[in-house]
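What follows is a short report on a single structure.
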Amino acid sequence: MMAEKYYILVAEGITDCSFLEAVLERYLGYKQYQNARELPPLFFEMIGQYPASSGKLQRQDSPMFFNKDHVSVAVKQAGGCSNIPAKVSLLVELIDKLEVYDKFGGFLVFSDTDLSTKHEIISDFRKKFLENDIILEDESIKVYGRQIACGLYLFPMSGCGAVEKLLLECAEISYGQLYLAARKFREEIMQQEYQELRKECWTKNEAIQEFYADKVQFGAVSAVLKPDKPVRFAIKDKLIKAEYFDLFTKLPEFKNLYDFLHSNLV
């Protein structure tokens, strides 16, 4: 089926991408492309390849691609919040090269705030976009004399943290006993006797240690749900399931994110 609108969803890391991909599939009705030959030209150009000319065997990162009706979505990992403007800038060059402005619906950018404020992140994005002659405005970017839609979702709505915070809220609903067991593990690891280990393996900054504790707790949950697979499989195969949708949408953060995707992918 020929797509009439293309969107590129750029997220910080693999956990963020896996969560967003699961929401697209389970709750928004998108299906993953199975054959590269079916992809729109813009998405085909985004596929990672082994750079034979350099002799390296390191594979470039490839997005995941989804389609519903006449809308196609690519989910692209940026490899960190600070890398998002550079990734978007490269994709803008590709859009311009292929001259697909008329079919491109826009970018949807998802980023954790971690320990930064939303103002700090947006300010940093503006600065880095300007380095590539791109002006970041409220809900768009201005480049090559054109206005391209660019929706920005910074998680959470208030305070700071990463997507694991929401994933834990989902896990508490769907796997209550497991959530509590993982919580006890988290509390144990945060005790004084593990302080030196945390400093050595995590960070010496205690505020960041609390931030990592969410990741440790969710890692414990995912290890039980998919003991032989990376975290992303626990998210997509076991956590974000169709039967939990009504319960998850009672979580304000989940509902806000769902509405952001639903209203922008049109």
>> Could you measure the distance from the CD atom of Glu164 to the CZ atom of Phe19? Nearest 0.5 Å is fine.
In response: 11.0 Å
> In Å and rounded to the nearest 0.5 Å, what is the OG to NZ distance from Ser158 to Lys118?
Replying inline: 7.0 Å
> Within a reach of under 6.0 Å around CD of Glu99, are more than 12 heavy atoms found that belong to other residues, nucleotides or ligands?
Replying inline: no
>> Ignoring hydrogens, what is the shortest heavy-atom contact between Phe155 and Ala162? Give both atom names and the distance.
In response: CE2-O, 2.8 Å
>> Grouping I, L, V, M, F, W and Y whenever their side-chain heavy atoms are under 4.5 Å apart, do Ile95 and Phe44 come out in a common cluster?
In response: yes
>> If I compare all heavy atoms of Val266 with all of Lys5, which pair ends up nearest, and what's the gap?
In response: O-CG, 3.8 Å
> Can you tell me how far the CD atom of Glu169 sits from the CG atom of Leu251, to the nearest 0.5 Å?
Replying inline: 5.0 Å
>> Quick check on the hydrophobic clustering: are Val231 and Tyr212 connected, directly or via other members, by side-chain heavy-atom contacts under 4.5 Å?
In response: no
> According to the interplanar angle, ranging from 0 to 90°, do the rings of Tyr27 and Phe245 count as parallel (below 30°), tilted (30 to 60°) or perpendicular (above 60°)?
Replying inline: tilted
>> The test is side-chain hydrogen bond (donor to acceptor under 3.5 Å, both in side chains); show your working for Tyr101 and Asp96 and say whether it passes.
In response: CA-CA 7 Å; Tyr101 289 102; Asp96 188 69; 2.6 Å; yes
>> Under the criterion side chain to side chain contact (heavy atoms under 4.5 Å, CB included), I'd like the reasoning laid out for Leu24 against Leu265: C-alpha separation, chi angles, the key distance, then a yes or no.
In response: CA-CA 10 Å; Leu24 286 174; Leu265 296 174; 3.6 Å; yes
> Do Lys165 and Glu253 sit within salt-bridge range, that is, some charged N less than 4.0 Å from a carboxylate O?
Replying inline: no
> Roughly how far, to the nearest 0.5 Å, is the CD1 atom of Ile189 from the CZ atom of Arg198?
Replying inline: 8.5 Å
> More than 12 non-hydrogen atoms from neighbouring residues, nucleotides or ligands closer than 6.0 Å to CD on Gln177, yes or no?
Replying inline: no
> Any sub-3.5 Å donor-acceptor pair from Lys68's side-chain atoms to Leu28's backbone N or O?
Replying inline: yes
>> One thing to verify: whether Arg183 and Glu187 come together as a salt bridge, which I'm taking to mean a side-chain N less than 4.0 angstrom from a carboxylate O.
In response: yes
>> Show the nearest heavy-atom pair for residues Glu12 and Gln77, with the distance to one decimal.
In response: O-CG, 3.9 Å
>> Let me check something: do Ile235 and Phe233 share a hydrophobic cluster, defined by ILVMFWY side-chain heavy atoms less than 4.5 Å apart, either directly or through other members?
In response: no
>> Less than 4.5 Å apart, side chain to side chain, heavy atoms only: is that true for Phe254 and Leu166?
In response: yes
>> Using every non-hydrogen atom in the two residues, find where Phe185 and Ala220 come nearest and quote the distance to one decimal.
In response: CD2-CB, 4.0 Å
>> side chain to side chain contact (heavy atoms under 4.5 Å, CB included), that's the test. Do Ile121 and Leu152 meet it? Break it down for me.
In response: CA-CA 11 Å; Ile121 292 174; Leu152 178 60; 5.7 Å; no
>> Any heavy-atom pair between the side chains of Met157 and Pro252 that's under 4.5 Å?
In response: yes
>> Can you tell me how far apart OG (Ser222) and CZ (Arg232) are? Round to the nearest 0.5 Å.
In response: 12.0 Å
>> Looking at Lys255 and Asp259, is there a salt bridge between them, counting it only when a charged N and a carboxylate O are closer than 4.0 Å?
In response: yes
>> Determine whether Val221 and Leu239 satisfy the following criterion, side chain to side chain contact (heavy atoms under 4.5 Å, CB included), listing intermediate values before the conclusion.
In response: CA-CA 10 Å; Val221 170; Leu239 185 61; 5.9 Å; no
>> Within the structure provided, determine whether Leu130 and Ile135 are in side-chain contact (heavy-atom separation under 4.5 Å).
In response: yes
>> Measuring from atom CG of Leu178 to atom NZ of Lys238, what distance do you get when rounded to the nearest 0.5 angstrom?
In response: 12.0 Å
>> Consider side chain to side chain contact (heavy atoms under 4.5 Å, CB included). Of Val75, Leu154, Leu257, which one does Phe110 pass it with?
In response: Leu257
> Should we count CG of Asp138 as having more than 12 external heavy atoms under 6.0 Å?
Replying inline: no
>> Can you list everything that forms a ring pair (Phe, Tyr, Trp, His ring centres under 6.0 Å) with Tyr244? Sequence neighbours excluded, please.
In response: Phe248
> Looking at Glu137 and Lys142, does any basic side-chain N land under 4.0 Å from a carboxylate oxygen?
Replying inline: no
>> Between Pro40 and Tyr33, is there a side-chain heavy-atom distance shorter than 4.5 Å?
In response: yes
>> Applying a strict under-4.5 Å side-chain criterion to I, L, V, M, F, W and Y, I'd like to know whether Leu247 and Val23 cluster together.
In response: yes
>> Taking CD in Gln147 as the centre, count heavy atoms belonging to other residues, nucleotides or ligands within less than 6.0 Å. Is the count above 12?
In response: yes
> Transitively linked via ILVMFWY side-chain contacts under 4.5 Å: Tyr175 with Ile240?
Replying inline: yes
> Can you tell which of Glu206, Met190, Lys204 makes a side chain to side chain contact (heavy atoms under 4.5 Å, CB included) with Gln195?
Replying inline: Glu206
>> If I compare all heavy atoms of Lys236 with all of Ser18, which pair ends up nearest, and what's the gap?
In response: CG-O, 3.5 Å
>> Has Thr113 got a side-chain atom pairing as donor or acceptor with Gly161's backbone, closer than 3.5 angstrom?
In response: yes
>> Quick one, Leu261 and Leu9 - any side-chain contact, counting heavy atoms below 4.5 Å?
In response: yes
> Side chain of Asn35, backbone of Arg37: donor and acceptor closer than 3.5 Å?
Replying inline: yes
>> So which atom in Ser82 and which in Lys128 form the shortest heavy-atom distance, rounded to 0.1 Å?
In response: CB-NZ, 3.1 Å
> With a 4.5 Å limit on heavy-atom distance, are the side chains of Ile8 and Met46 in contact?
Replying inline: yes
> Within a strict 4.5 Å, meaning less than it, do heavy atoms of the Pro41 and Val100 side chains meet?
Replying inline: no
>> A side-chain contact here means heavy atoms from C-beta on lying under 4.5 Å apart; do Leu180 and Glu172 qualify?
In response: no
> Please walk me through it: do Asn205 and Phe211 pass side chain to side chain contact (heavy atoms under 4.5 Å, CB included)?
Replying inline: CA-CA 10 Å; Asn205 187 311; Phe211 161 69; over 6 Å; no
> Hey, what's the ring geometry for His262 with Tyr258, parallel, tilted or perpendicular (30° and 60° as the breaks)?
Replying inline: parallel
